[in-house]
Amino acid sequence: MILVTGGAGYIGSHTVVNLLNNNNDVVVFDNLENGHIETINTLKTIGHIEFEKGDLRNIEDIERVFSKYKIDVVIHFAAFALVEESVKNPAKYYRNNTFGTLNLLDTMLKHDCKKIVFSSTCATYGDLNYIPVDEKHPQNPISPYGSSKYMVERIMQDYDKAYGMKSIILRYFNVAGSDEFGRIGEWHEPETHLIPNILKSIFDKDKKFKIFGNDYNTPDGTCIRDYVNVEDLAEAHKLAIDYLNKENKSNIFNVGTENGNSVKEVFDICSEVTNKDIPVEIASRRSGDMEALYANANKIKTVLGWHPQRTLKDSISSAYKWEQNHF
Ligand code: UDP
């Protein structure tokens, strides 16, 4: 059985759909602080899942799950993920993302479960010396969020050496899109991400879309990111589990498309896909934003055989379908 922590959240729920499509037995663990019970209910209409409400900060909650089910492998998404909030409230991030993960790992060891796939982030690299960024780039995270994930990466490497626990660390770049049928999608409160903010501004005139800075040193002056489709990203987790089962080895992979798209380019594709004239305002830079960031994803392509199947336009189309269904 596969335990998915944070399975009621954005990337977690899409990965659950992928696991169900591949005939896996799945138990979802989520405290529903950022995840949604509606998402769990939708997942239950797609396939059979067990749902356990609980919090990683309470080791008894995790112990209860491991005592109830025979867990073979864990996919660990549950985390807080707002960079700005992490600067203001680092304790929340270290307590949940780092200490909570230690509770999970120790419970896994107790029950002899020694395989885990971990959602890490390109935020662990910090300021970049070069792009496209590969897995060997030095890691100097600049936010408590990035640090809380980086610490877990180090803990996992130490747990392999000491206890033989095998981990696949996936460092995500930007994530976009939704389930192809629009059943589940990106649902954050508050929403801070680019694509949902552009699309939401179509439905809610009070949410006028703002471009945060057009004076960057990039071809059109706006920031560049690497947007990977959420269903493609879900597939990377499936391949990571296959690798763990076959090779029984720890490894680390970037998950990105290797394409950089500017904020203006994303905005233009949103206008094209939705066929709407979306109002836009140029605002000042958002603090902490990096100018340009995209992945070298050669390693995951060669070692796991992962290849992105969907374009940015596909992601924006599915995200729009979700926004239409949801609002
Ligand atoms: N962005 C923007 N307006 C928004 C949200 C985001 O201009 O309402 C820009 C942001 O400054 C960054 C890019 O879009 O350059 C991607 O931001 P997002 O928050 O989606 O992801 P991040 O790269 O920060 O993880």
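Positions are given from 1, in the same order as the sequence printed here. Just follow the structure's listing: the first ligand is 1, and inside any ligand the first atom is 1.
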4.0 Å heavy-atom contact, Y216 with ligand 1: no

Hydrophobic cluster identity match, V280 and F212, side-chain contacts under 4.5 Å: no

Please report whether ligand 1 has a polar contact with [X], defined as an N or O pair separated by less than 3.5 Å (distance criterion only).
X: R225; value: yes
X: L194; value: yes
X: I211; value: no

F66 six-ring face occupied by K110 cation (under 6.0 Å, within 45°): no

Cation over ring face, R285 and Y216, 6.0 Å, 45°: yes

Any idea which part of [X] is under 4.0 Å from ligand 1, heavy-atom wise: side chain, backbone, both or neither?
X: N174; value: side chain
X: K210; value: backbone
X: D289; value: side chain
X: Y227; value: side chain

salt_bridge(E281, K208) N-O dist < 4.0 Å: yes

Side-chain donor/acceptor of D232 to backbone N/O of R310, under 3.5 Å: yes

For T192, atoms of ligand 1 separated by under 4.0 Å from a heavy atom: 5 (C), 19 (O)

